[in-house]
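Have a look at the structure below, then the notes.
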Amino acid sequence: MSLAHGRPYLAIPGPSVIPDRVLRAMHRGSPNIYEGPLIEMVASLWPDLRMVAGTTGHVAMYIGNGHGGWEAANANLFNRGDKALVLAVGQFGLSWANSAQGMGIEVEVLDFGKSSPADMNRVEAALRADTGHRIKAVLTTHVDTASSIKTDITALRAAMDAAGHPALLAVDCIASLGCDEFHMDDWGVDVMVAACQKGLMTPPGLAFIWFSEEARRRCGTTDLATPYWAWGPRAEPVDFWQHWDGTAPTNHLYALREALDMIREEGLPNVWRRHQALARTVWAAFDAWAAGNPQIGLNVASPADRGWSVTAARLGAPHATRLREWCEAKAGVTLGIGLGMAQATDPAYHGFLRVGHMGHVNAHMTLGALAVMEAGMAALDIPHGDGALAAAARVVAESA
Ligand SMILES: *Cc1c(COP(=O)(O)O)cnc(C)c1O
């Protein structure tokens, strides 16, 4: 028998759950893209996009996903042959490095593995070694969605300043925007990349670049910034269409407006606190399960190094895949695959999974997903410690 019939829950780290309000907002016929309500509505988006990023800087929007956002950042930051220093703490840092390399940018990767945070002493040393200042920008994820490791952006900025290096700082906030505390201006970030389908609760299709005045002065006229990717006209268009270098993503824009309204209504600091509390709920359950089975564990040892929007964990192969399949087929909960922890052809691959808790997620969804996982472990005879649900409930009780 299956108990999956009912509203399914996609608990993967993006795309995230789309609120009914957002779906309803985009359910409309094509608006006039030359004059009228759409143009007025879009004017209201930019201040809110600056608010969620914590910046008074510039914003450019692209029709694209996160990979498009990476290319947009790369294109405006670098000329072909310029050098990037990329911090990798999981698959997404490595993928941004590949994106840059594929565009003809010289890439130096500082790879910290899949379970440890970036070591800022190594970053500082790499910058000090670059005596000719060939490194134009440092690229990093805020939260790497594959490993769920969070990078301490203020510590990174401090390491760059300590090295006395003029490189710009570019941060991928695709998995963290609207989930994890972030202050672009206060933390000294020059360029920030995000997309709409995670914390912004909007169907995939929009990518964003925020850039500081310093970045605007030093970048944007590179030989990689072809007319479609150049951020200048998008951020400061003469005509409305230049925001997207063509037709506006009309219905997505209405969806985004509604999602930003929801964030404003809750209050961004409260959105962050909700994500932190739900993340701690998931961690508490895993700690209890792990106490009864050494193969179970969270990927990241220290809570300070864990993102608030996604949790990567191990269950021992092949139990992670078995559990994911059970939860989806029997209970309507889809968990995330383990990404970049092992090749899909390697039996070890089936030992990893991720729980997404980003965007439109509340306590009953998170507790429900954890309870379903516990039921799955019981049904599949996966050994696990007791008390996980009580521990998770306690975190909710103490946070709410
Ligand atoms: C999801 C994600 C990406 C990739 O976004 P796509 O929309 O899949 O291209 C990049 N970086 C991070 C940190 C992400 O979470």
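These values consider heavy atoms only, across backbone and side chains, with no hydrogens, waters or symmetry-generated copies. One-based numbering, in listed order, for ligands and for the atoms of each. Note that the numbering runs from 1 along the sequence shown for the chain.
- Screening D172, V86, I153 for a side chain to side chain contact (heavy atoms under 4.5 Å, CB included) with T140, the sole residue that qualifies is I153.
- Remark: the R354 side chain and the S148 side chain contain no N/O donor-acceptor pair separated by less than 3.5 Å.
- Aromatic ring pairs are classed by plane angle as parallel below 30°, tilted from 30° to 60° and perpendicular above 60°; the pair F208 and W210 is tilted.
- Between the side chains of N74 and W96, at least one donor N or O lies within less than 3.5 Å of an accepting N or O.
- Residues L139 and F78 have side chains in contact (heavy-atom distance under 4.5 Å, counting atoms from C-beta outward).
- Using a 3.5 Å distance cut-off with no hydrogens or angles, the side chains of T311 and H357 do pair a donor with an acceptor.
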Protein N/O near ligand 1 N/O, under 3.5 Å, which pairs?
residue: ligand 1; atom: 7 (O); partner: G66; partner atom: N; Å: 2.8
residue: ligand 1; atom: 7 (O); partner: Q197; partner atom: NE2; Å: 2.7
residue: ligand 1; atom: 9 (O); partner: G66; partner atom: N; Å: 3.1
residue: ligand 1; atom: 9 (O); partner: H67; partner atom: N; Å: 2.8
residue: ligand 1; atom: 9 (O); partner: H67; partner atom: ND1; Å: 2.5
residue: ligand 1; atom: 11 (N); partner: D172; partner atom: OD2; Å: 2.7
residue: ligand 1; atom: 15 (O); partner: T145; partner atom: OG1; Å: 2.2
residue: ligand 1; atom: 15 (O); partner: K198; partner atom: NZ; Å: 2.6

